[in-house]
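Worksheet: the structure to be examined is printed underneath.
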Amino acid sequence: MIKLVRGFKDILPADTALWQHVEALARELLEDFGFYELRIPLLEQTELFSRSIGAGTDIVEKEMYTFTDRGGASLTLRPEATASVVRAYVQHRLYAKDPVWKLYTIGPMFRRERPQKGRYRQFYQINAEVFGVDDPRTDAELILLLMRFMGRLELPDITLQINSLGCPECRPRFKNALESFLTSHSGQLCSDCLRRQDQNPLRLFDCKVPSCKETMQDAPSVLDHLCETCRAHFGSVKESLEGFQVPYQINHGLVRGLDYYTRTTFEVLAESLGAQDAVAGGGRYDGLVKALGGPEQPGVGFAIGLDRLIELLAGRAQVFEKRPHVFIAAIGKRAQSVGFQWLQDLRLQRVRAEIDFENRSLKSQMRRADKLEASYVLIVGDRELDDGIAVLRNMTTKEQEKVPLENIISFVVNRIDTTAVGSR
RNA sequence: GUGGGUGUAGCUCAGUAGGCAGAGCACCGGGUUGUGGCCCCGGCGGUCGAGGGUUCAAAUCCCUUCACUCACCCCA
């Protein structure tokens, strides 16, 4: 048997209804907030990611699916969406028509990590990006949108954490302070942290080793090193969130894994997910558009991890499954051919109808109707055909009524509430 | 990349002093002539993850390998 590739997965019919529901809700909300959908390719030039995400990051260094295509170009399956969205914004000069764009995209990303709970090599994200506005209310609005989405899904036990990483003005000052702190405390750090110290010193803030945690409590905070404008910006984000009663925690150790982030960063965490507890994350990236060859335009965005979100919603999938409205139980050859005609006619009227082609006993056909959770069963055999009727049984009330064969389709259509999702 | 746990029927799992591969659920049929769920009876279904070794005999012991899973790491 040929099996699927490690770290990849099939999303089976038992779950697709839930995925569709979540995606539809996201589209609805995003479009209410003025976002337009952008569809971008799965494959990009490798350089796009090494330049945006950062050549030294783990993603670029050891997690990308990169290959040389037959023409000799180095291509990469996208490990995230923002780089592609920025590329499209720049390449098509969207900024020339209007510098302000609110774009979203939904689709799979690829990272070759070791699979575990909530971490797959192909995983799905909903991405939203806003270009051309550096007003802190945009940051807040984006977070509000995100939290409304979570609220609409009725997710339990989620927390929002926010932080500011500063800008090219103030970040170097903080980095210096942090570096000298780390150098003087290197004796108390674990081997992982000593390795991270040069590559990505901010990461030390979320090390899980107790001694590191303790040491880092005395480490300098980014928030104490923000310049005047960054401080004001962050203050305004917080103020807006409070104005909309969005509860948040400040986590000065909150870091993004990608180099391009500036100022506001945020993450939505769900404890019940286990080690991979970030359901959504994002932040501002004011230098990225320019770094990718575009004009000096600010940007801010987020990504929602769909796989993890669905995980949180596990068990609710059944609610969104669509059961048949009518099951046609046809006994005998003559009835079978009449029933097959009705089946197609009902579907023309957007009634979900099913039939069994095996010409089995009425008992088996009833059993099948029950298994499919059909709302009604339309019973027809030689007896009914001779009398010019069929029997319509309501499976919940067990009431049966005789239906004349002429106009039978419209009769059934009227009995059924085609707007109802399930049948019970 | 590093560690731990687990691989037996479609699913959830039993099965060790090595001795005929099991249960529940699911699926199919039946419980008198044309009516579902509950109950009863019967049936279908397995290269015991794969390869090798020890043995008269291996799901069980040994070696190798693969997969899944959780955690580290990393991140949505």
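Chain letters run A, B, ... following the sequence lines, proteins first, then strands; residues in each count from 1. All values below come from the heavy atoms of this structure, side chains included, with hydrogens, waters and symmetry mates left out.
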What integer number of Å spans the P atoms of B:G43 and B:G24? 12 Å
Looking for any heavy atom pair under 4.0 Å, which part of the strands does A:L306 touch: base, sugar-phosphate only, or nothing? nothing
Have a look at A:E384 and say if it touches a base, only the backbone sugar-phosphate, or nothing, with a 4.0 Å heavy-atom cut-off. base
Out of B:C68, B:C28, B:G34, which has the shortest distance to the side chain of A:R6? B:C68
Tell me which of A:G7 and A:I304 sits closer to the 5' end of RNA chain B, going by the nucleotide each one is nearest to. A:G7
Measuring only between side-chain heavy atoms, which start at C-beta, is A:T262 closer than 4.5 Å to A:L288? no
By the Watson-Crick or G-U definition, both distances under 3.5 Å, B:U2 is matched with B:A71
Please tell me if A:R203 has a side-chain N or O lying less than 4.0 Å from either OP1 or OP2 of B:C75. yes
Would you state whether a donor and an acceptor, one from the side chain of A:R393 and one from the base of B:G36, lie under 3.5 Å apart? yes
Got a salt bridge between A:E354 and A:R368, using NZ or NE/NH1/NH2 to carboxylate O under 4.0 Å? no
Which whole number of Å gives the distance between the C1' atom of B:G19 and that of B:C61? 15 Å
Does A:R119 contact B:C74 through a side-chain donor or acceptor facing the base, at a distance under 3.5 Å? yes
When you measure from the side chain of A:R114, which nucleotide among B:G1, B:G37, B:C75 comes out closest? B:G1
Quick one: does A:R367 reach the base of B:U35 with a side-chain donor-acceptor pair under 3.5 Å? no
In whole angstroms, how far is the P atom of B:C74 from the CG atom of A:D58? 6 Å
Using the six-membered ring wherever Trp is involved, compare the ring planes of A:H252 and A:F205 and label them parallel, tilted or perpendicular (cut-offs 30° and 60°). perpendicular
Heavy-atom side-chain contact between A:Q122 and A:L77 under 4.5 Å: no
Check the distance between B:G36's C1' and A:M366's CE and give it to me in whole angstrom. 5 Å
Which whole-number value in Å describes the distance from A:E63 CD to B:C75 P? 7 Å
Heavy-atom nearest nucleotide on RNA chain B for A:C207 versus A:V5: which residue maps closer to 5'? A:V5
Please tell me which of the listed nucleotides, B:G36, B:A76, B:C73, lies nearest to the side chain of A:A303? B:A76
In whole Å, what is the span from the NZ atom of A:K371 to the P atom of B:C25? 16 Å
Base, sugar-phosphate or nothing for A:K363? Non-hydrogen atoms, less than 4.0 Å. base
P atom, B:U16 versus B:A76: distance in rounded Å? 47 Å
Could you please name the partner base of B:A59, counting Watson-Crick and G-U wobble pairs only when both distances are under 3.5 Å? none
On a whole-Å scale, what distance lies between the C1' atoms belonging to B:A17 and B:G52? 26 Å
For atom P, what is the distance between B:C74 and B:G18, given to the nearest Å? 47 Å
Regarding A:A369, tell me which of base, sugar-phosphate or nothing describes its non-hydrogen contacts under 4.0 Å with the strands shown. nothing
Checking base pairs now: Watson-Crick or wobble, both atom distances under 3.5 Å. What partners B:A23? B:U12
Would you kindly check whether a donor in the side chain of A:Q365 faces an acceptor in the base of B:U35, or vice versa, at under 3.5 angstrom? no
Donor-acceptor pair under 3.5 Å: do we get one between A:R308's side chain and the base of B:C75? yes
Would you indicate which nucleotide in B:G34, B:G37, B:C72 comes nearest to any side-chain atom of A:A275? B:C72
Does the side chain of A:N251 come under 3.5 Å of the side chain of A:Q249 through a donor N or O and an acceptor N or O? no
Does B:A71 have its OP1 or OP2 closer than 4.0 Å to a side-chain nitrogen or oxygen of A:K117? no
Over how many whole Å does the gap from A:D192 atom CG to B:C73 atom P extend? 6 Å
Contact between A:L405 and A:W342 at the side-chain level, heavy atoms closer than 4.5 Å - yes or no? yes
Where the side chain of A:K208 is defined as all heavy atoms beyond and including C-beta, which of B:C73, B:U2, B:A67 is the nearest nucleotide? B:C73
Using the C1' atom as the point on both nucleotides, what is the distance between B:A21 and B:A59, in whole Å? 8 Å
Determine the interatomic distance between C1' on B:U60 and the same-named atom on B:C48; round to the nearest Å. 10 Å
Span that lies between the C1' atom of B:C20 and that of B:A58, in whole angstrom: 14 Å
Among A:Y89, A:Y36, A:W101, which residue meets the ring pair (Phe, Tyr, Trp, His ring centres under 6.0 Å) test with A:F131? A:Y89
A:Q116 side-chain N/O to B:A71 phosphate OP1/OP2 under 4.0 Å: yes
Using atom CD of A:E113 as one end and atom P of B:A76 as the other, report the distance to the nearest whole Å. 9 Å
Taking OP1 and OP2 of B:C74, is either one under 4.0 Å from a side-chain nitrogen or oxygen of A:T57? no
Start with the C-alpha distance between A:R51 and A:E47, add both sets of side-chain angles, then the distance that settles salt bridge (Lys or Arg N to Asp or Glu O under 4.0 Å), and finish with yes or no. CA-CA 6 Å; A:R51 270 176 46 187; A:E47 195 192 349; 3.2 Å; yes
Spacing of A:D277 atom CG relative to B:A71 atom P, expressed in whole Å: 10 Å
For a quick check of understanding: with a heavy-atom distance under 4.0 Å over all strands, which category does A:R368 fall into, base, sugar-phosphate or nothing? nothing
Taking any heavy-atom pair under 4.0 Å as a contact, classify A:E80: base, sugar-phosphate, or nothing. nothing
With a 3.5 angstrom cut-off on both distances, give the Watson-Crick or G-U wobble partner of B:G42, or none if there isn't one. B:C28
Would you say the side chain of A:P108 lies within less than 4.5 Å of the side chain of A:R78, judging by non-hydrogen atoms? yes
Within the 4.0 Å heavy-atom criterion, would you say A:I331 contacts the bases, only the backbone, or no part of the nucleic acid? base
Can you measure A:K3 atom NZ to B:G49 atom P for me and round it to whole angstrom units? 11 Å
Base, sugar-phosphate or nothing for A:G118? Non-hydrogen atoms, less than 4.0 Å. base
